[in-house]
Amino acid sequence: MVDAARARTASEAVVDVRYADIHDLPLHDHIADRARTDRVLQHVADPLAALGEIRRVLRPGGRLVMGEPDWETLAVDHPDSGLTRAYTRHVAERVVRNAGIGRQLARLAAESGFTVPTVIPVTPVFRDVQVADRILGLERTTRRAVEAGCFSDQAAEAWLTHLTHGPFFAAVTFYIVVAEA
Ligand SMILES: C[S@@+](CC[C@H](N)C(=O)[O-])C[C@H]1O[C@@H](n2cnc3c(N)ncnc32)[C@H](O)[C@@H]1O
């Protein structure tokens, strides 16, 4: 992705693509006007420290826009509510490091010294199982749940068979949060 970004911006003299850990940005204090994170903080070791690092490089009044899912809101329609709960709990507890980051963003940003003027919830609804699988990784995650001992083979088959053969419904809420340094 870094190579692709460099190739796409090669003709833009003002663009400098760098690869770094969000906890340790290679930028001077107060150098940036804008920052953006898109589904990154859900994965990082220390979201609060990452936000502190972004605030360090933003100039006073600079703006950060974040977009993160809240995996605790994942809803999947399936007649077996026990399987559904096992699946959504597996996602929230074992698949994503900071699964509840969406609802935490505004508080973490405030704790990092930002003011937070705007929080926008966005809930995509998936009614096509193939689209949902591409974005949510339903089958891959189910296989991993079996490996982790959260689902038996039979439960995984029952779970996936129904999802792939009927009208499908899943939804998860993302939060877009605007923060000002
Ligand atoms: C779900 S992807 C989102 C990628 C991109 N924002 C997009 O819109 O396609 C999560 C990204 O977080 C990056 N990431 C995870 N931990 C990171 C860290 N400590 N510092 C910087 N990036 C990190 C991964 O490399 C990955 O590219």
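In each ligand, atom 1 is the first atom listed, and ligand 1 is the first ligand listed. Predicted, not measured: the structure shown is a model, and the values here were computed from it.
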According to a 4.5 Å side-chain heavy-atom criterion applied to Ile, Leu, Val, Met, Phe, Trp and Tyr, with indirect links allowed, do [X] and [Y] form part of one hydrophobic cluster?
{"X": "F114", "Y": "I31", "result": "yes"}
{"X": "L58", "Y": "I176", "result": "no"}
{"X": "F169", "Y": "L138", "result": "no"}

How far is [atom] from its nearest protein heavy atom, and which residue and atom name does that atom have?
{"atom": "atom 1 (C) of ligand 1", "value": "R39 O, 3.4 Å"}
{"atom": "atom 13 (C) of ligand 1", "value": "V40 CG1, 4.2 Å"}
{"atom": "atom 6 (N) of ligand 1", "value": "D38 O, 2.8 Å"}
{"atom": "atom 20 (N) of ligand 1", "value": "I22 N, 2.9 Å"}
{"atom": "atom 16 (N) of ligand 1", "value": "V44 CG1, 3.9 Å"}
{"atom": "atom 19 (N) of ligand 1", "value": "D21 OD1, 3.0 Å"}

Report task. Any chance you could measure L48, atom CG, to R107, atom CZ, to the nearest 0.5 Å? Result ->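 If I round to the nearest 0.5 Å, the distance is 8.5 Å.
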Query - salt bridge (Lys or Arg N to Asp or Glu O under 4.0 Å) pairs, two or more places apart, involving residues 115-132 - result: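 For residues 115-132: none.
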Report task. State whether any protein heavy atom lies less than 4.0 Å from atom 24 (C) of ligand 1. Result ->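 False for atom 24 (C) of ligand 1.
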Query raised in the report: Is the closest protein non-hydrogen atom to atom 9 (O) of ligand 1 under 4.0 Å?
Result: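 Yes; the ligand atom in question has protein heavy-atom contact below 4.0 Å.
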Report task. Please could you name the atoms of ligand 1 that H43 approaches to less than 4.0 Å, counting only its heavy atoms? Result ->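 Counting from 1, the qualifying ligand atoms are 1 (C), 10 (C).
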Requested in this report: Under 4.0 Å from a heavy atom of A20: give me the atoms of ligand 1 that qualify, with their elements.
Outcome: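 Once the distances to A20 are compared, the set is 20 (N), 21 (C).
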**Report entry** Under 3.5 Å donor-acceptor, D46 side chain and A49 backbone
**Finding:**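 Confirmed, D46 side chain pairs with A49 backbone.
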Report task. Return the minimal non-hydrogen interatomic distance between R55 and G113, and the atom names on each side. Result ->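 In this case the closest contact between R55 and G113 is NE-O, 3.2 Å.
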